[in-house]
2 protein chains.
Amino acid sequence: MTTTATAPAPSASGVYDAFDPNCPTRQLLDELSDKWVCLVLVALAAGPLRHGELRRRIRGVSQKMLTQTLRALERDGIVERTITPSVPVRVDYELTPLGQSLTSVVDAVKVWAEAHMDQVDAAREDYDTRA
Amino acid sequence: MTTTATAPAPSASGVYDAFDPNCPTRQLLDELSDKWVCLVLVALAAGPLRHGELRRRIRGVSQKMLTQTLRALERDGIVERTITPSVPVRVDYELTPLGQSLTSVVDAVKVWAEAHMDQVDAAREDYDTRA
DNA sequence: CAGAATCCAGGTGGATACTG
DNA sequence: CAGTATCCACCTGGATTCTG
């Protein structure tokens, strides 16, 4: 054996399956299935942004959640953090190539939500009135 | 005015924007950005499944979360629930056309996670050792 | 401006037991 | 089998305060 000391390998081979609760992809899927992750990535799709710019773009995120989300994404190699040691420190975040591939995927979820909101609303109304 | 009694319209027009914390799509995005939603939809992509079959497929879901997830999806018009009043009641769940369009989208997230797990792992190791 | 640290209310979700 | 109802431990995440 070379790697995996604690993490139980997908299935001894190289096959990952998120349906398996012990597969590491299950945890990754959970991490990516997040409102903030989606919004952060989509916001960065247009280009690098500073911490404050992101907060202004994604209205409603607390500073804590934004930092937390960015840290996790940075650790996963999805986002890159660049520090410019100027007087007030300047920190920029931008998508890595890996991050760009993920962004196009999660962006679709956001787009879907915005595109089908009306249908969903109609369905809810129908469901609720039907009791 | 015709509809929207309580919900604040997107922006008086028909433009939805999940970046707006008051836009209903923000809440919808949050609802869809869920591990279980993703797994349930992908599981149903292959065809209708019963409650128990879903539980067996998505190992690790508690019965409570599965029911809760299915109810929300049903209300949103994404999943359809069919009851067959046999002796032990039979309940089948299947994707609606709306649900099918969403499934192809969230499936991509699951696929991405499974396809890039190695890269993410490598990035994490690098990040952690670099301290 | 970026972010680390604390405090803590409230939501999340698992386990368990019970109904039809 | 499908589903509801409770109980409750744990975690999430917002607000606040403080540092470089």
Side-chain angles (χ1 to χ4, degrees), chain A residues 18-22 26-40 43-44 48-75 79-94 127-128 130-131, chain B residues 18-22 26-40 43-44 48-75 79-94 127-128 130-131:
Chain A
F19 279 117
D20 179 351
N22 296 317
R26 173 69 145 256
Q27 185 275 325
L28 180 59
L29 178 63
D30 191 32
E31 187 187 311
L32 301 180
S33 297
D34 181 272
K35 184 180 34 175
W36 303 132
V37 166
C38 178
L39 293 174
V40 163
L44 291 177
L49 286 176
R50 303 179 58 178
H51 182 95
E53 295 175 324
L54 275 168
R55 276 205 71 180
R56 246 164 289 129
R57 186 77 220 286
I58 309 170
R59 283 178 293 159
V61 232
S62 64
Q63 168 269 343
K64 179 185 175 180
M65 286 314 295
L66 181 55
T67 298
Q68 191 171 297
T69 301
L70 287 168
R71 281 287 177 288
L73 293 175
E74 185 194 358
R75 190 171 101 99
V79 156
E80 187 177 339
R81 180 156 163 269
T82 310
I83 311 169
T84 307
S86 42
V87 182
V89 190
R90 178 195 176 91
V91 181
D92 284 274
Y93 292 94
E94 68 181 313
Y127 182 93
D128 294 340
R130 200 185 322 176
Chain B
F19 280 117
D20 180 351
N22 296 318
R26 173 69 146 259
Q27 185 275 326
L28 180 59
L29 177 63
D30 192 33
E31 188 186 310
L32 301 181
S33 297
D34 181 272
K35 182 179 36 175
W36 303 131
V37 167
C38 179
L39 294 174
V40 164
L44 292 177
L49 288 176
R50 303 178 58 176
H51 182 97
E53 295 174 323
L54 275 169
R55 277 204 71 179
R56 245 165 290 129
R57 186 77 220 286
I58 309 172
R59 283 180 293 160
V61 234
S62 63
Q63 164 268 5
K64 176 184 175 182
M65 286 313 297
L66 181 55
T67 298
Q68 190 172 299
T69 301
L70 287 168
R71 281 288 176 289
L73 292 175
E74 185 194 359
R75 189 172 102 99
V79 157
E80 187 175 339
R81 179 156 164 269
T82 308
I83 311 169
T84 306
S86 41
V87 181
V89 192
R90 178 197 176 92
V91 180
D92 284 275
Y93 292 94
E94 69 180 313
Y127 182 93
D128 294 340
R130 199 185 323 178

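Quick note: numbers below take in every heavy atom, side chains included, and nothing from hydrogens, waters or symmetry partners. Order of the sequence lines sets the chain letters (A, B, ...), proteins ahead of strands, with each chain counted from 1.
Atom NZ in B:K35 sits 4.0 Å away from atom CG in A:D30 (nearest 0.5 Å). In this structure, the separation between CZ on B:F19 and CG on B:L29 is 9.5 Å, given to the nearest 0.5 Å. Going from atom CD of A:E94 over to atom OG1 of A:T82 covers 5.0 Å, rounded to the nearest 0.5 Å. To the nearest 0.5 angstrom, A:R81 atom CZ is 10.0 Å from A:H51 atom NE2.
Over its full length, the helix from C:dC1-D:dG20 to C:dG20-D:dC1 turns its helical axis through 40°, comparing axes from the five pairs at each end and rounding to 10°.
Counting heavy atoms from C-beta outward, B:L49 and B:D92 have side chains that stay 4.5 Å or more apart.
Between A:A18 and A:R26, the shortest heavy-atom contact is O-NH1, 2.7 Å.
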request  = Any chance you could list the contact pattern along nucleotides 2-20 of chain D? Use B for base contacts, S for sugar-phosphate-only contacts and - for none, protein heavy atoms under 4.0 Å, 5' to 3'.
outcome  = SBB--------BBB-----
Under 3.5 Å, which donor-acceptor pairs do the side chains of residues 58-65 of chain B form with other protein atoms, sequence neighbours left out?
from  : atom 1 : to    : atom 2 : distance (Å)
B:S62 : OG     : B:M65 : N      : 3.2

